[in-house]
Amino acid sequence: MLCPWCYIGKRRLTAALEGLADRAGVEIVWRGYELAPEEGRVPGPTPAEAMAGWSGDQAADRIARIRALGAAEGLELNLHLARPVNTPTGCAGWPPTVAGSTR
């Protein structure tokens, strides 16, 4: 995943599910969604670089906020290092498999 909101949301979902008394009664079905079909196979600008183009002077504050929200969930979001590609290329091999099953 490249989208920081996907990482944050996944962590929050996992935490919420762990708090359920009837966790066995919940079934999660993961489905792919192509976020940016126009993205090529060659990595584009980092999210930090892209946000600078979208948000101008507010980019640094937005990046700091996203990183702080990620840190609160135990994530280190390196928006200055990630390089986006189109969704099928970026998601190749997802979901990860464990002992022959998917989670």
Side-chain angles (χ1 to χ4, degrees):
M1 280 185 256
L2 176 65
C3 173
W5 301 114
C6 295
Y7 277 119
I8 292 167
K10 170 69 169 70
R11 281 288 171 98
R12 290 178 176 177
L13 175 62
T14 299
L17 291 172
E18 288 172 357
L20 289 178
D22 183 25
R23 171 61 179 101
V26 176
E27 178 184 2
I28 303 293
V29 178
W30 297 103
R31 303 207 189 280
Y33 180 77
E34 190 166 7
L35 295 174
E38 70 282 356
E39 288 287 337
R41 292 179 167 270
V42 175
T46 68
E49 292 166 344
M51 278 192 248
W54 305 329
S55 303
D57 294 342
Q58 297 176 351
D61 290 340
R62 289 182 180 198
I63 291 166
R65 172 105 173 107
I66 293 167
R67 293 190 73 194
L69 289 169
E73 302 300 327
L75 298 168
E76 182 179 346
L77 299 174
N78 294 310
L79 303 177
H80 62 291
L81 297 176
R83 306 298 289 196
V85 294
N86 76 338
T87 305
T89 302
C91 293
W94 185 262
T97 58
V98 177
S101 64
T102 61
R103 46 181 165 138

Test of understanding: with side chain to side chain contact (heavy atoms under 4.5 Å, CB included), list the residues that count as partners of Leu20, not counting sequence neighbours. Leu17, Val26

Closest heavy-atom pair, Ala82 versus Pro47, reported as atoms and distance to 0.1 Å, is O-CD, 3.2 Å

Check: Thr46 side chain, Glu49 main-chain N or O, donor-acceptor pair, under 3.5 Å: yes

Please say yes or no: joined through hydrophobic side-chain contacts below 4.5 Å, possibly via intermediate residues, are Trp5 and Trp54 part of one cluster? yes

Arg12 side chain near Thr14 side chain, heavy-atom distance below 4.5 Å: no

Can you give me the closest heavy-atom contact between Ile66 and Leu79, atom names plus distance? CG2-CD1, 3.9 Å

Considering only residues two or more places apart or on different chains, which pairs with a residue in residues 59-70 satisfy salt bridge (Lys or Arg N to Asp or Glu O under 4.0 Å)? none

Side chains of Ile8 and Leu77 in contact at under 4.5 Å (non-hydrogen atoms): yes

Under the salt bridge (Lys or Arg N to Asp or Glu O under 4.0 Å) test, which residues partner Arg11, sequence neighbours left out? none

